[in-house]
Amino acid sequence: MQKNLKTLAVAASGLALALGGSTAAVAAPQGDVSAQVSCYDGASSFSKASGRYTTSVFKTSTRCNDINLKMGSSGRYVKVCFKLSSGSFDCQSDYEWAPSGSWKVIATDVRDSQEFVFFFETTSSASGSYAA
């Protein structure tokens, strides 16, 4: 989640210099707040029909270092399965609880442009948002 922090600090410093200011007056973002806002700004909706364990295939972006999930009306146990170059999937060994209405990191340190699916513990329908 910290990919954008250095870029933002450098960009802000450059802007201050271009406007005739000094880099000493530019503060770098603190913690993960700026990176999270940027990552979550690119969030997309998803839905999974009843009778299925998995969603369709999604792809990570350059905005997020992690795969984040926010369930809609009810929480679910879920894990991420990564698509391999062979076309098969490699799934995380453990399910994570993704609560309704708040963001949960499901997978960390995921490379850019990695294809993946969410694999749910049950076949109940599910919907929400993801940021990856």
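The analysis underlying the following values was restricted to heavy atoms, covering all of them including side chains, and did not include hydrogens, waters or symmetry mates. Because the structure is predicted, anything quoted here is derived from the model rather than measured.
Remark: S86 engages L84, S88 in a side chain to side chain contact (heavy atoms under 4.5 Å, CB included) (not counting sequence neighbours). Checked against side-chain hydrogen bond (donor to acceptor under 3.5 Å, both in side chains), S93 has no partners two or more places apart in sequence or in another chain. Every residue meeting the salt bridge (Lys or Arg N to Asp or Glu O under 4.0 Å) condition with K104, not counting sequence neighbours, appears here in chain and number order: E96. Take T108 and apply the side chain to side chain contact (heavy atoms under 4.5 Å, CB included) test, not counting sequence neighbours, and it matches D66, V105. Taking Q114 as the reference, R111 meet the side-chain hydrogen bond (donor to acceptor under 3.5 Å, both in side chains) condition, with sequence neighbours excluded.
The minimum heavy-atom distance between A131 and C64, with the atom names listed, is C-SG, 3.9 Å. Nearest heavy-atom pair across A98 and L69 is CB-CD2, 3.8 Å. Nearest heavy-atom pair across T60 and S113 is OG1-N, 2.9 Å. Contact detail for F46 and K70: the closest heavy-atom pair is CE2-O, 4.5 Å.
Residue pairs meeting the disulfide (SG to SG under 2.5 Å) criterion with at least one partner in residues 100-132, sequence neighbours excluded, do not occur; the list is empty. Counting only residues at least two apart or on different chains, no disulfide (SG to SG under 2.5 Å) pair has a member in residues 96-132. For residues 97-132, no residue pair satisfies the disulfide (SG to SG under 2.5 Å) rule, not counting sequence neighbours. Counting only residues at least two apart or in different chains, disulfide (SG to SG under 2.5 Å) contacts with residues 92-123 are absent.
Annotation: cation-pi geometry not satisfied between K59 and F116 (NZ/CZ under 6.0 angstrom from ring centroid, within 45° of ring axis).
A donor-acceptor pair under 3.5 Å links the side-chain atoms of K48 to the main chain of S124, judged by distance alone. Panel note: side chain S61, backbone A132; a donor-acceptor pair is recorded below 3.5 Å.
Within the hydrophobic cluster formed by Ile, Leu, Val, Met, Phe, Trp and Tyr side chains joined at under 4.5 Å, directly or through other members, V57 is accompanied by F89, V117.
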Original post:
Can you list the steps and then say if F119 with Y95 is a side chain to side chain contact (heavy atoms under 4.5 Å, CB included)?
Top reply: CA-CA 9 Å; F119 191 102; Y95 287 96; 3.3 Å; yes
**OP:** Could you go through the side chain to side chain contact (heavy atoms under 4.5 Å, CB included) check for M71 and Y130 one step at a time?
**Re:** CA-CA 8 Å; M71 296 302 302; Y130 73 95; over 6 Å; no
Taking only distance into account, with no hydrogens and no angle test, what donor-acceptor pairs under 3.5 Å do side-chain atoms of residues 49-56 form with protein atoms, sequence neighbours excluded?
| unit_1 | atom_1 | unit_2 | atom_2 | d |
| --- | --- | --- | --- | --- |
| R52 | NE | T54 | O | 3.3 |
| R52 | NH2 | T54 | OG1 | 3.3 |
| T55 | OG1 | F118 | N | 3.1 |

Would you be so kind as to tabulate the donor-acceptor pairs closer than 3.5 Å made by side chains of residues 72-82, with sequence neighbours excluded?
| unit_1 | atom_1 | unit_2 | atom_2 | d |
| --- | --- | --- | --- | --- |
| S74 | OG | R76 | NH1 | 2.5 |
| R76 | NH2 | S125 | O | 2.6 |
| K79 | NZ | Q92 | O | 3.4 |

